[in-house]
S.K.: 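Have a look at the structure that comes next, please.
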Amino acid sequence: MSESHGASIELENLTKRYPGHAEPSVDDVTMEIKAGETVVLVGPSGCGKSTTLKMINRLIEPSGGRIRIGGEDVTGIDPVRLRRKVGYAIQSSGLFPHMTVAQNIALVPRMTGWPKARIRDRVEEMLGLVGLDPGEFRHRHPRQLSGGQQQRVGVARALAADPPVLLMDEPFGAVDPITREHLQDELLRLQRELHKTIVFVTHDFDEAIRLGDRIAVLRERSRIVQFDTPEAILTSPADDFVSGFVGAGAALKRLHLSRVRDVEITGCPTVTVDDPLQTVFNRLRTCGGDEILLLDRRGRPCKWLRRGDLMRARGSLARAGTPVGGTVTLDATLRDALEAVLTDATGRVAVTGRRGEYTGVVDMETLLKSVHELLEADRLEALGAQHRPEEARAAQPHAEQEDPAGKATA
Ligand SMILES: Nc1ncnc2c1ncn2[C@@H]1O[C@H](COP(=O)(O)OP(=O)(O)OP(=O)(O)O)[C@@H](O)[C@H]1O
Ligand SMILES: [Mg+2]
């Protein structure tokens, strides 16, 4: 089975009525998720996110409507067969406590009848993929893992049979914020390699922004209020409900969506630890700015040197200057860059390449300018969309009233 890449998911008039409830818990939901896309469902507690998600792999049977995966109508097929195509990871990690890590990950491949050797290889590969050392973790039981490690195993298990579709229900809900950010980064990295179709449920809007190619903001009964890119939702929320959900600081949240590589990276004068002192002196005198950056032998940023530093340190490069506090990579978000600039005494941050080598600097002025430009571009695009009603409607399938078939997609 090497389906690997994602498959599209279409929900058509999907409805769930639980027995004894007057109102349906999920009411006539129609949405189209493209192959390889990460769509995040956000909405308040009890609005029907989990119910919607579980109908996609028929852990909950729909009361009405259809589900198509990769064009195939799966509403009537054997749920066991369906679940092999659909990985599923949940909040509490959902690992079986009496099974080892390896047995948990091997679950679906075993059900599917993979040969033993292939399963063993796959378990190793999956553990590596989620950053756990197989030798150390394979034989442990879930209770011998931290919360974050359990979630990683949960994700490894969901991916083990290489399903084209991955459903994740608040998979990082139970860990502390720092571990959560780490797991989010990991998921983004995985997704860049794997291109699964992911439907991810959360009630944390910041998580939605970080992870989603598109976000569906849901209200009660899973009604879609807005279904669009994070940029569009941040800059032109459909109504007060969405604004409320976006919360304060939309402009700051926008910083999560752009990377250092997208902004103008400037240079600064540099010297290396092997340069003769005279060169360093000359560079300091002639560079025009206040500071030069000292690089180590491998070209990595090491210290900021100012005029006078060398005098005070009596000509010793080892003693002179201020150590570089932090650096950011080209893949870092502007939010990370801003954090680094704000906390660095020099008001700027060195940017590094893959091997930590110096590639340039970003300063406060550049960041501010970039953010203004980004927000302005978003605003113009939102305005433009309003003036092109066809496209605006296509981009926002919440306009169900105007679209009786409810088939609008971007
Ligand atoms: N098995 C069930 N039987 C009856 N009602 C249910 C059942 N499961 C869920 N519900 C109801 O359906 C509605 C939607 O529940 P669901 O679990 O989908 O919400 P959710 O958006 O995932 O909420 P949360 O963010 O708290 O996880 C709720 O009102 C809930 O009480
Ligand atoms: Mg839920």
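One-based numbering, in listed order, for ligands and for the atoms of each. Numbers here are sequence positions counted from 1. Keep in mind that this is a model prediction, so the values were computed, not measured.
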S.K.: Is Arg312 paired with Asp309 through a side-chain N to carboxylate O contact shorter than 4.0 Å?
M.R.: yes

S.K.: Mark whether atom 30 (C) of ligand 1 lies under 4.0 angstrom from at least one protein heavy atom.
M.R.: no

S.K.: Side chain, backbone, both or neither: which part of Ser50 has a heavy atom under 4.0 Å from ligand 1?
M.R.: both

S.K.: For ligand 1, which atoms, with element, lie under 4.0 Å from some heavy atom of Gly48?
M.R.: 14 (C), 16 (P), 18 (O), 19 (O), 20 (P), 21 (O)

S.K.: Do me a favour and list the nearest non-hydrogen protein atom to atom 16 (P) of ligand 1 with residue, atom name and distance?
M.R.: Thr51 OG1, 3.5 Å

S.K.: Please report the shortest heavy-atom distance between Asp185 and Arg210, naming the atom on each side.
M.R.: OD1-NH2, 2.5 Å

S.K.: Look at the N, O or S atoms of Thr51, main chain and side chain alike, and state whether any lies under 2.8 Å from the Mg ion (ligand 2).
M.R.: no

S.K.: Would Arg219 and Phe241 count as a cation-pi pair here, with the cationic atom under 6.0 angstrom from the ring centre and within 45° of the axis?
M.R.: yes

S.K.: Tell me: protein heavy atom nearest atom 26 (O) of ligand 1, and distance?
M.R.: Ser45 OG, 2.5 Å

S.K.: What are the two closest heavy atoms between Ile215 and Ile233, and how far apart are they?
M.R.: O-CD1, 3.5 Å

S.K.: Could you identify the single nearest non-hydrogen protein atom to atom 10 (N) of ligand 1 and state the distance to 0.1 Å?
M.R.: Tyr18 CE1, 3.2 Å

S.K.: Does either side chain, that of Asn104 or that of Arg157, offer a donor lying less than 3.5 Å from an acceptor on the other one?
M.R.: yes

S.K.: Taking atom types as modelled, find out whether Gln103 and His98 have a side-chain donor-acceptor pair closer than 3.5 angstrom.
M.R.: no

S.K.: What residue and heavy atom of the protein are closest to atom 25 (O) of ligand 1, and at what distance?
M.R.: Lys49 NZ, 2.8 Å

S.K.: Where is the tightest heavy-atom contact between Asp162 and Lys196, given as atom of each residue plus distance?
M.R.: OD1-NZ, 2.5 Å

S.K.: May I ask whether His21 places a heavy atom under 4.0 Å from ligand 1?
M.R.: yes

S.K.: Considering only protein heavy atoms, which is closest to atom 23 (O) of ligand 1, and at what distance to one decimal place?
M.R.: Gly46 N, 2.7 Å

S.K.: Tell me whether the NZ or CZ atom of Arg300 lies within the 45° cone about the ring axis of Tyr358 and under 6.0 Å from its centre.
M.R.: no

S.K.: Number the atoms of ligand 1 from 1 as they appear, then name those within less than 4.0 Å of a heavy atom of Ser25, with their elements.
M.R.: 11 (C), 12 (O), 13 (C)

S.K.: Check ligand 1 against His203 and write out every atom of the ligand that is under 4.0 Å from a heavy-atom position of the residue.
M.R.: 25 (O)

